[in-house]
Amino acid sequence: MSIQVTLPDGGVKVYAEPLSISDIAGDISRKLAKNALGGVVDGKVVDLNTILDRDAEVRILTWDDDEGKMIFRHSSSHLLAEAVQNLYPGTKFGIGPAIKDGFYYDFDSPHTFTEDDFPKIEAEMARLAKENSVFEKNIVSREEALAYFRDKDENYKVELRNDLPADAEISTYKQGGFLDLCAGPHLPSTEKIKAFKVMSIAGAYWRGDEKNKMLQRIYATSFPKKAQLEEYLNMLEEAKKRDHRKLGQELGLFTIMEEGPGFPFFLPKGMILRNELENYWREIHQKAGYEEIKTPMMLNRSLWEQSGHWQNYKDNMYFTKIDETDFAIKPMNCPGSILVYKHSLHSYRDLPIRMGELGLVHRHEKSGALHGLMRVRCFTQDDAHIFMLPSQIKDEIKGVISLIDGVYKLFGFDYHLELSTKPEKAMGSDEIWEMATNALKEALEEESLPYQINEGDGAFYGPKIDFHLTDCLGRTWQCGTIQLDFLMPEKFDIHYIGEDGEKHRPVMIHRVAFGSIERFIGILTEHFAGAFPTWLCPVQVRLMSITDKQLPYIKEICDKMRSRGIRAEVDARNEKIGYKLRESFQMKIPYSLVAGDKEVADGTISLRRLGKGDLGAVNVDQLIEDIIEEIKERKNP
RNA sequence: GCUGCUGUGGCUCAGCUGGUAGAGCAGCGCACUCGUAAUGCGCAGGCCAGCGGUUCGAAUCCGCUCAGCAGCUCCA
C-alpha cells in the first residue's frame, strides 16, 4: 500500500506508510515544517498532526494563508479561555472563534472584566503558552459530551452540543487544564503563540440574539512574531489618527452636538467639500443622461403603506401630523420618484428615464448605533431611479456599474462586488425574484466582473449588487448599491404606453454611488487622512509672507488666484514663517506659498506642497495654471 | 436598545482619600519684522453635561436623565 499526495503545484509525493501533515511539510522543506500551522486535505482544513492514510490533495497552511491565521487565532482563543479559567473561577464559557485580525472569547463570569485585568490575563496566557501544552483532540459520543459539560455546569456548551446535528462528529480539544467542545482544527501545541495582546472588552449577546443574556466578550489578537504584533498595533494607531470624527473636528468640517444626536452640522469648510462632491456628482450624471429632481421630505403616511416601508420600517421612521393626517418624514426617496414618474404619461420611446435626487432622508437609528458621519439619523443619498423596459435592464445595469466604477476610481479606491439575494421579509413571488436576480447575474457575467453571493441580504423589494470599497488601510466599506425592482412598479401601478398602444409595466432600478454623502465624506476623510485631493480642499492655497513688508505682494497673488476660482487665503498674522507654515500643514492645505524680499524682487513665490516639502521659488502664473489644471482634472494627491 | 466605560473653559487634559477650579493650545492686546512644523510678555475665558440626594460643605460620594466612546443587536 502506498499513499499518493498531490501538492498545490501539481507535484506528487508517494509515501509507503501513513504519516502526518506535519511530516509531509517536513518532507517538502525544513522551513515549511517550521512555519506550518495546519493543512488542507481535499479541501478540508485539518490539524497539522492529522494522520493521512489515503491518497489526497494536500496543501500546507502557514501564516500567509487566511486559514492558517484562523487556526493560529482559534488556538489562541483557547489559551485565553484557559487563562480566564485559571484566574476567574466560576466563569462559564460561551464561544471563542477567530475573527479578522484576532479572536475573542465570550464569558459569563461573576467577575466584571475591566481593562485593568488585561495585563494579568496576558501574563497568565504567556505563562501557559510557555508550558507548550499539546492540543489533544478527542472524538466523544453525544452522551459523553453532554455528561461532561453538564457536570461542570457549562450550560452554554450544553446548548451548543444539543444544537449539533444528530449525526455530527463531536470532538473536544484539551490543552493544559482547559477542555473545550470544539471542531478544531488547532495548532499542535501552544508554544507557537508568541505575541498576543488583549485588546478590549465588550458586551455581546449569547449567540448574537438580543433576547439572550449579554455575555462579556474579551477581544484579543495574536501573532507568531512580536514584530507583527507591533506592526498591527501601529496600523491601529494610524487608523485612530485618521478617525474622521477627530479630523472632522480639527479641520472644521462638521460637528455633532448634544442637541442633535445623529444629526450632523456641516461647517463652512465641510460644506465646500460637500458641494464639490455634489458638483462632481451632477456633472457625471448629466453626462450619463440623468435628470435631477427634488421630492418633499414629508409625505402622507398612506404612501409609505403603499410602498411597504411602513410595514417593514415603521419603528425606524419619524412621523408627524398635519391637520389630523399622519405624515412620515421620508426614510427613502423611491416613493417620491415614483410619484414624479406617475405625474405624466410615458411612451416606450422615452425609456429609460433616469431620475437622480440628492435626497435627504431620516431614519431613527438606535442610540448605540450612531457613529460620527458613518451612521447618522439623517443623511443624503445620491439616489437615482431608472424606469425602463424589461429589454433595457442589462444595459442599464452595466451603465450604472460603469458610472459607479468611475466614481471609485477617481478617489483611488479598490472595490469588490457582492450580489445580495432574497431576504426573509421579501415581498413578491419567487419567480420575480429569480428573474431579477438572474438579470443582475447576467449583467455581471457579461462584463466578466467577479462577485460574491451574499445570501438573503437583498432589499425587501428586490435583489442588489453592492460595491464594497477598500480604503488605503485595507478596511472595507459598503457604499454603492444597485437594486433591481419589479415590485414597486406594480404596487404603485405605474406604466408606459408601448408600441402596441397598450399600457405596460416598466422595471425600476434603485441605485446610489456614494451611498450616503455624509458617510462618504467620512470615508474619504479616513482614506486621505484629511489630506484631500486639491479639488476637494476647503482651502487650496495659503499665502504667507516673511514680514509685513511682503503682505501687499501676496494679497495681490491671492486676489489673482481667487479670480481664477482657486480657494486661496492670506495668513496675515504677525508671526514667524515657521508658525504660519505649521498651521498650514496641520490644516492639510495642499499649497503653502511663501514670499520674502527675494520673491518680491523676482516676481516669484516659494512653494511648499503638502507631503512634498519645499519645492523652491516658482513662477506665479505658471503655478496658477498648474493648480487650475490639477483641480480641473480632479487629480489625487 | 443592551453591556462596560466616559462627560471639567473653543480644543487637549490635570484636579490624591469631599473643603467651593488649574495648565497648554486656540482667542484678544502689546512688543519683536523674523526665511520653511510653535518669539516673548500680558489679558480674558468655566454655575465642572443636566436634575435630585447624602453632607456643615460635592467637580469629587449616591441615584436618575442626557450625550459620547468600545462592542453587541440593527442598518430599506
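Within every chain, numbering begins at 1; the chains are lettered A, B, ... in the order of the sequence lines, protein sequences first and strands thereafter.
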Next item on the list: Measure the distance from CG on Asp106(A) to C1' on U3(B) and round it to the nearest whole Å.
Entry: 12 Å
Check: In terms of side-chain heavy atoms of Gln586(A), which of G71(B), C74(B), A37(B) is nearest?
Finding: A37(B)
Notebook entry, point to check: Between Met257(A) and Ser606(A), which is nearer to the 5' end of RNA chain B once each is assigned its nearest nucleotide?
Noted result: Ser606(A)
Next item on the list: Please work out whether the ring planes of Phe319(A) and Trp310(A) are parallel, tilted or perpendicular, with thresholds of 30° and 60°.
Entry: perpendicular
Checklist line | Lys576(A), nearest nucleotide to its side chain (from C11(B), U39(B), U73(B)) | finding: U39(B)
Note to self: Consider side chain to side chain donor-acceptor pair (under 3.5 Å). Of Gln483(A), Glu490(A), Lys491(A), His309(A), which one does Tyr461(A) pass it with?
What the structure shows: Gln483(A)
Next item on the list: Report which part of the nucleic acid Arg217(A) touches: base, sugar-phosphate, or nothing (heavy-atom distance under 4.0 Å, all strands).
Entry: sugar-phosphate
Item checked: Test salt bridge (Lys or Arg N to Asp or Glu O under 4.0 Å) applied to Asp614(A) and Arg608(A), step by step -> CA-CA 4 Å; Asp614(A) 191 348; Arg608(A) 191 151 168 186; over 6 Å; no
Notebook entry, point to check: Counting only Watson-Crick or G-U wobble pairs whose two distances fall under 3.5 Å, which nucleotide matches C48(B)?
Noted result: none
Next item on the list: Identify which nucleotide among A70(B), G35(B), U33(B) has an atom closest to any side-chain atom of Asp548(A), counting heavy atoms from C-beta outward.
Entry: U33(B)
Next item on the list: Would you mind reading off the distance between Leu370(A) atom CG and U73(B) atom C1', rounded to a whole angstrom?
Entry: 14 Å
Check: Which of these nucleotides, U36(B), C34(B), G68(B), is closest to any side-chain atom of Thr547(A)?
Finding: C34(B)
Notebook entry, point to check: At their closest point, which heavy atom of Pro264(A) faces which heavy atom of Cys378(A), and how far apart are they?
Noted result: CD-O, 4.1 Å
Notebook entry, point to check: Expressed as a whole number of Å, how far does the C1' atom of U55(B) sit from that of G45(B)?
Noted result: 32 Å
Note to self: What is the distance, to the nearest angstrom, from the CG atom on Leu360(A) to the P atom on A76(B)?
What the structure shows: 18 Å
Item checked: Listed nucleotide nearest any side-chain atom of Arg582(A), set U39(B), A76(B), A37(B) -> A37(B)
Next item on the list: Check whether any side-chain N or O of Ser200(A) sits under 4.0 Å from OP1 or OP2 of G71(B), and answer yes or no.
Entry: no
Next item on the list: Can you figure out which of G71(B), G1(B), U36(B) approaches the side chain of Asp614(A) most closely?
Entry: U36(B)
Check: Could you state the CD-P distance from Gln483(A) to A76(B), rounded to the nearest angstrom?
Finding: 8 Å
Check: Over how many whole Å does the gap from Leu593(A) atom CG to G35(B) atom P extend?
Finding: 19 Å
Margin query: Return whichever of His362(A) or Arg245(A) has its heavy-atom-nearest nucleotide of RNA chain B closer to the 5' end.
Written below: Arg245(A)
Check: Between Arg242(A) and Glu237(A), is there a salt bridge with N-O shorter than 4.0 Å?
Finding: no
Item checked: Candidates G71(B), A76(B), C2(B) - which lies nearest the side chain of Tyr205(A) -> C2(B)
Next item on the list: Determine, answering yes or no, if Tyr313(A) is stacked on A76(B) under the 5.5 Å centre rule and the 30° plane rule.
Entry: yes
Notebook entry, point to check: Taking the P atom of each, how far is U39(B) from C16(B), in whole Å?
Noted result: 34 Å
Margin query: Determine whether a donor-acceptor pair (one donor, one acceptor, N or O, separation below 3.5 Å) exists between the side chain of Glu599(A) and the base of G35(B).
Written below: yes
Checklist line | Pair of N/O donor and acceptor under 3.5 Å linking C75(B) base with Arg377(A) side chain | finding: no
Next item on the list: Please work out if Tyr461(A) contacts a base, only the sugar-phosphate, or nothing of the nucleic acid, heavy-atom cut-off 4.0 Å.
Entry: sugar-phosphate
Item checked: Value in whole Å for how far the C1' atom of U12(B) lies from NZ of Lys241(A) -> 17 Å
Notebook entry, point to check: Has the side chain of Ser592(A) got a donor or acceptor that lies under 3.5 Å from a partner of the other kind on the base of U36(B)?
Noted result: no
Notebook entry, point to check: Which whole-number value in Å describes the distance from His371(A) NE2 to C75(B) C1'?
Noted result: 14 Å
Check: Is the closest basic N to carboxylate O distance between Glu124(A) and Lys120(A) below 4.0 Å?
Finding: no
Check: Among the nucleotides C75(B), U36(B), A76(B), which one has an atom lying closest to any side-chain atom of Arg375(A)?
Finding: C75(B)
Margin query: Under a 3.5 Å cutoff, is there a donor and acceptor pairing between the side chains of His385(A) and Ser337(A)?
Written below: yes
Checklist line | Spacing between Lys366(A) atom NZ and G71(B) atom C1', to the nearest angstrom | finding: 14 Å
Checklist line | Per Tyr579(A) side chain, nearest of listed nucleotides U33(B), U39(B), G1(B) | finding: U39(B)
Next item on the list: Could you work out which one of G68(B), A76(B), A37(B) sits closest to the side chain of Phe585(A)?
Entry: A37(B)
